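Beneath this line is the structure, given in structure tokens, with notes to follow.
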Amino acid sequence: MLEYEVIPGCRSCGAAPLETVLSMGEMPLSDGLVRPGGDLSSEQMYPLTLVRCPQCSLVQILETVPPETLFGKDYPYYSSFSDVLVDHARRNVETILDRYPLTDESLVVELASNDGYLLQWFAKERIPVLGIDPAPGPARAAEERGIPTICDFFTPELADRLVSEGRQADVIVGNNVLAHVPDQNRFVAGIERLLAPGGTVVMEFPYVRDLIEHREFDTIYHEHHCYFSVTSVKNLFARQGLDLVRVEHLPIHGGSLRATFQREGRPAPEVDEYLRQEEAYGLNDADFYADFAEAVNETRVRLVELIDQVMKDGSTVAAYGAAAKGAIMLNYCKIGVERLAYVVDRNIHKQGWLMPGVHIPIVGPDRLATDPPDYLLILAWNFKDEIMRQQSAYSAGGGRFVVPVPEPVVL
Ligand code: JHZ
């Protein structure tokens, strides 16, 4: 198997050449945690280049690492370790149930259902569910909480198999999965085939406008092949006969869009409003992305300066959140064991491992009580409020939090 491929043209419309927005050099896989005691020198690094399509304006990365490498047996991301995310999923389900009548004869299918953190809320209402997720650990965790799960990648062929078994979906949910797919058109074609007549598709994904405006460069990694706007996602689904009927802008994960699609759907007024705004704002023009590389570099320099300054004054620093974005932040800024003592994470599947590339040990939150640093860099800044609430004892003891983006600040 090739280690990675470089796409010849746009992942959505096929146009070439693509325009470079940010070259991030060589990065490790953001969820490729390293086993301590292993051969650290054999860790694979991959180029990472953010580009945009001048034709359809889709922002994407050039490099495709095979999905089997990205979401293999040690994939460590389990959604249920954030209370805010689980609650967000519960409210998402409530909204879907308010808008679309479902019964015990309906079927809700979730693509990238992870550990069942979202489908559990449908199941509680006795609505039949099916999860699909290629990562064995999270899929097993979902099964253990009673969520039937197919541990596989979602493809048009899998959709056909489910349809032939009489399992068409009345609602298809896909949160933070669209970007993870290298071939978007095939994936959406599969969604269209699986959808029952009159069915609805509800997708959530990070909004590229927030990424650029808030310098969320650490959310650029090999798992995220694409960075969508309303315009680009509308075009992608329209190609497969699915109309964008609703758009919501949500704060989760640093700013996400929830987009709803139906066959021959009638768009709510806000859809046109979002499209108009994106056009007026220049989101589809090269200029919008022109200063991003410089802005990102500024954040990187300031963060390293801030850490070096407090260390010079004799303070110690550790980090919170062995997130995928954390791996990119540390590697892009070259912040390693010489600066950070450890990275805390609640996820027991990450504890005991080392951060990709920089090999900083991941430990449980107890460490903050026994060996508190003077400064705690919140790598999972998207959950900073939840984390600071949980760690009120740390701050009461004099510990300070550092948030890295959009610009590093001490709170
Ligand atoms: P978190 C994930 O990215 C994975 P990551 C994925 N690649 C994706 O697309 C995006 O989300 C959208 C921990 N934590 O969610 C849990 C605590 O320890 O920001 C996680 O390891 N205590 C599919 O990995 C990490 O922080 C806490 O109180 O960048 C957060 O990772 C909380 C709230 C979190 O995403």
Side-chain angles (χ1 to χ4, degrees), residues 27-33 61 65 67 70-71 74-89 110-115 117-118 133-135 137-139 174-181 203-208 210-211 216-228 250-258 318-332 342-353 355-356 360 362-368 376-394 401 403-405:
M27 289 285 128
L29 296 182
S30 56
D31 274 311
L33 302 185
I61 58 166
V65 175
L70 293 170
F71 306 106
D74 290 327
Y75 188 66
Y77 176 73
Y78 288 64
S79 304
S80 290
F81 286 100
S82 162
D83 301 341
V84 167
L85 187 62
V86 173
D87 197 54
H88 173 82
E110 189 188 6
L111 312 177
S113 44
N114 199 269
D115 57 10
Y117 75 109
L118 184 139
D133 198 293
N175 288 354
N176 298 304
V177 61
L178 199 54
H180 295 67
V181 177
M203 309 291 288
E204 275 182 30
F205 44 85
Y207 191 13
V208 70
D210 290 310
L211 190 171
E216 298 166 356
F217 66 90
D218 50 349
T219 63
I220 303 164
Y221 45 81
H222 297 95
E223 277 175 46
H224 292 168
H225 300 91
C226 295
Y227 305 81
F228 289 100
L250 310 164
I252 196 84
H253 288 307
S256 298
L257 291 175
R258 181 183 293 157
Y320 195 110
K325 65 174 74 61
I328 297 302
M329 178 64 74
L330 297 179
N331 280 278
Y332 190 68
Y342 54 82
V343 177
V344 170
D345 202 288
R346 280 212 294 192
N347 179 344
I348 48 168
H349 307 280
K350 295 185 178 180
Q351 293 166 15
W353 291 69
M355 287 299 280
I360 303 172
I362 303 168
V363 300
D366 294 358
R367 182 77 176 263
L368 288 174
L376 190 60
L377 172 64
I378 303 185
L379 294 170
W381 46 261
N382 46 322
F383 294 124
K384 71 175 179 343
D385 296 336
E386 178 177 354
I387 290 167
M388 291 193 300
R389 248 192 330 269
Q390 271 171 34
Q391 294 305 329
S392 53
Y394 163 76
F401 296 103
V403 178
V405 293

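Counting starts at 1 for both ligands and their atoms, in listed order. Here the structure is a predicted model, which means the values were calculated and not measured. FYI, the numbering just counts along the sequence from 1.
- To the nearest 0.5 angstrom, N176 atom CG is 9.5 Å from M203 atom CE.
- Looking at D345 against ligand 1, both its backbone and its side chain come within 4.0 Å, counting heavy atoms.
- The ring of Y394 has its center closer than 6.0 angstrom to the ring center of F401.
- The atoms of ligand 1 that sit less than 4.0 Å from any heavy atom of A380 are 26 (O), 30 (C).
- The shortest N or O to N or O distance between N347 and ligand 1 is not below 3.5 Å.
- Close approach of ligand 1 to E386 is summarised as follows: ligand atoms under 4.0 Å from at least one heavy atom of the residue are 28 (O), 33 (C).
- The F383 neighbourhood of ligand 1 comprises atoms 1 (P), 15 (O), 19 (O), 33 (C), with distances under 4.0 Å to a heavy atom of that residue.
- When atom types are taken as modelled, the side chain of N331 and the backbone of P28 share no donor-acceptor pair closer than 3.5 angstrom.
- Between the side chain of E223 and the main chain of S30, no donor-acceptor pair closer than 3.5 Å is present.
- Here the side chains of P206 and L211 are not in contact, with every heavy-atom distance at 4.5 Å or above.
- In this structure, of Y221, W381, Y77, F205, the residue bringing a heavy atom nearest to atom 3 (O) of ligand 1 is Y221.
- Note: T219 OG1 to W381 CH2 = 6.0 Å, rounded to the nearest 0.5 Å.
- Considering only non-hydrogen protein atoms, atom 24 (O) of ligand 1 sits nearest to A324 N, 2.8 Å.
- Here is the list of ligand 1 atoms found below 4.0 Å of a heavy atom in G321: 26 (O).
- The aromatic rings of H253 and F383 lie perpendicular to each other, with more than 60° between the two planes, well past the 30° mark.
- Residue H224 approaches ligand 1 through these ligand atoms, each under 4.0 Å from one of its heavy atoms: 7 (N), 8 (C), 9 (O).
- When atom types are taken as modelled, the side chain of N347 and the backbone of F81 share no donor-acceptor pair closer than 3.5 angstrom.
- With atom 19 (O) of ligand 1 as the reference point, the heavy atom nearest to it among R346, R389, K325 is part of K325.
- An N or O contact shorter than 3.5 Å is missing between S82 and ligand 1 by distance.
- Exactly one residue among L118, L257, L250, L178 makes a side-chain contact (heavy atoms from CB on, under 4.5 Å) with E204. That residue is L250.
- Judged by distance alone, the side chain of D74 and the main-chain N or O of L33 form no donor-acceptor pair under 3.5 Å.
- Residue Q390 approaches ligand 1 through these ligand atoms, each under 4.0 Å from one of its heavy atoms: 27 (C), 28 (O).
- Ranking protein heavy atoms by distance to atom 34 (C) of ligand 1, first place goes to F81 O, 4.1 Å.
- The distance criterion of under 3.5 Å between nitrogen or oxygen atoms is not met by N176 with respect to ligand 1.
- Closest to atom 23 (C) of ligand 1, if we only count protein heavy atoms, is H180 NE2, 3.3 Å.
- Within the listing of ligand 1, atoms 23 (C) sit less than 4.0 angstrom from a heavy atom of Y75.
- Counting the atoms of ligand 1 from 1 in the order shown, those under 4.0 Å from a heavy atom of H253 are 11 (O), 12 (C), 15 (O).
- A side-chain contact (heavy atoms from CB on, under 4.5 Å) with V343 holds for exactly one of M355, K350, Q351; it is M355.
- Nearest non-hydrogen protein atom to atom 22 (N) of ligand 1 is Y320 OH, 2.9 Å.
- Regarding atom 31 (O) of ligand 1, its nearest protein heavy-atom neighbour is A323 CB, 3.4 Å.
- Ring pair H180/H224: centre-to-centre distance below 6.0 Å.
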